[in-house]
Amino acid sequence: MPSTVRVCMRVCDKTCRITAVHCDDAISVELESDCSKLQQFGEELAKGVPMDDILDIYSSRIMSPEVRKNVCFECLAVPAVFNACWLEEGMISKGLAKKSGSNSIEFDELR
């Protein structure tokens, strides 16, 4: 069963929906967004994500400048790709994800 995560970036007012599906030797990733930069990122990921790319973030093609292109570092869509893939591969419990509902970043004590 596909694993889907949704990202709402309130700072830039953009959203995306990432769906990961286990295939034979890779994970199929579909990314839908109202952000043109994320759409390009999604086109690169549509070629498939090998397991090695979700296991080692430092050498992952997901993180490479050629794939990320102009996606800014604070965009939550990039870690959400890992979350969708980890959910699909059983590295994050779907029950726990369903129970927790969401993760968040909160801007606290701004002056």
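Here the structure is a predicted model, which is why all the values come from computation and not from measurement. Values below: all heavy atoms of this structure, side chains included; hydrogens, waters and symmetry mates excluded.
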Report task. Say whether, by atom type as modelled, one donor and one acceptor occur between the side chain of Ser3 and the main chain of Glu88 under 3.5 angstrom. Result -> yes

**Report entry** Phe41 and Cys16, any side-chain heavy atoms less than 4.5 Å apart
**Finding:** no

Query raised in the report: Does a side-chain heavy-atom distance below 4.5 Å link Val78 with Phe73?
Result: no

Query raised in the report: So, do Leu87 and Val5 sit near enough that their side-chain heavy atoms are less than 4.5 Å apart?
Result: yes

Requested in this report: Mark yes when over 12 heavy atoms from residues, nucleotides or ligands other than Asp34 sit less than 6.0 Å from its CG; otherwise mark no.
Outcome: yes

Query raised in the report: Are the side chain of Ser104 and the backbone N or O of Glu106 linked by a donor-acceptor pair below 3.5 Å?
Result: no

Query raised in the report: Out of curiosity, Asp52 CG to Ser59 OG, how far, rounded to the nearest 0.5 Å?
Result: 7.5 Å

**Report entry** Stepwise side-chain contact (heavy atoms from CB on, under 4.5 Å) test for Cys85 and Val29
**Finding:** CA-CA 8 Å; Cys85 291; Val29 175; 3.9 Å; yes

Query raised in the report: Looking only at heavy atoms, which two atoms of Trp86 and Ile54 are closest? And how far apart?
Result: NE1-O, 2.9 Å

Query - Any residue meeting side chain to side chain contact (heavy atoms under 4.5 Å, CB included) with Glu32, in chain and number order, not counting sequence neighbours - result: Arg17, Glu30

Query - Non-neighbouring partners of Cys12 that pass side chain to side chain contact (heavy atoms under 4.5 Å, CB included), sequence neighbours left out - result: Met9, Lys14

Query raised in the report: Cluster question for you: counting only ILVMFWY and a side-chain heavy-atom cut-off of under 4.5 Å, with indirect links fine, are Met63 and Leu38 together?
Result: yes

Report task. Kindly give the heavy-atom pair with the smallest separation between Gly42 and Leu31, and that separation in Å. Result -> CA-CB, 3.8 Å

Query - Hydrophobic cluster identity match, Val81 and Tyr58, side-chain contacts under 4.5 Å - result: yes

Query raised in the report: Would a hydrophobic clustering, with Ile, Leu, Val, Met, Phe, Trp and Tyr connected at side-chain separations under 4.5 Å, put Leu96 with Met91?
Result: no

**Report entry** Co-membership, hydrophobic cluster, residues Ile62 and Ile92, 4.5 Å side-chain
**Finding:** yes

Query raised in the report: Can you find a pair of side-chain heavy atoms, one from Val21 and one from Ile27, that are under 4.5 Å apart?
Result: no

Report task. Before accepting this row, confirm whether a basic side-chain N of the pair Glu66/Lys69 lies closer than 4.0 Å to the acidic partner's carboxylate O. Result -> no

Query raised in the report: Of all residues at least two apart in sequence or in a different chain, which pass the salt bridge (Lys or Arg N to Asp or Glu O under 4.0 Å) check with Arg68?
Result: none

Report summary line: Nearest heavy-atom approach of Phe82 to Ile57 is CZ-CG1, 3.8 Å

Report summary line: Nearest heavy-atom approach of Cys35 to Ser33 is N-OG, 3.0 Å

Report task. Look at the side chain of Ser64 and the backbone N and O of Arg61, then say whether any donor-acceptor pair between them is shorter than 3.5 Å. Result -> yes

Requested in this report: Determine whether more than 12 heavy atoms belonging to other residues, nucleotides or ligands lie under 6.0 Å from atom CG of Asp56.
Outcome: yes

Query raised in the report: Just how far is it from atom OG1 of Thr15 to atom CZ of Arg6, taken to the nearest 0.5 Å?
Result: 8.5 Å

Report summary line: Between the CZ atom in Arg10 and the CG atom in Leu76, the distance rounded to the nearest 0.5 Å is 10.5 Å

Requested in this report: Nearest 0.5 Å please: distance from the CG atom of Asp24 over to the OG atom of Ser28.
Outcome: 11.5 Å

Query raised in the report: Are Ile18 and Val71 connected, step by step, through hydrophobic side chains (Ile, Leu, Val, Met, Phe, Trp, Tyr) whose heavy atoms are closer than 4.5 Å?
Result: yes

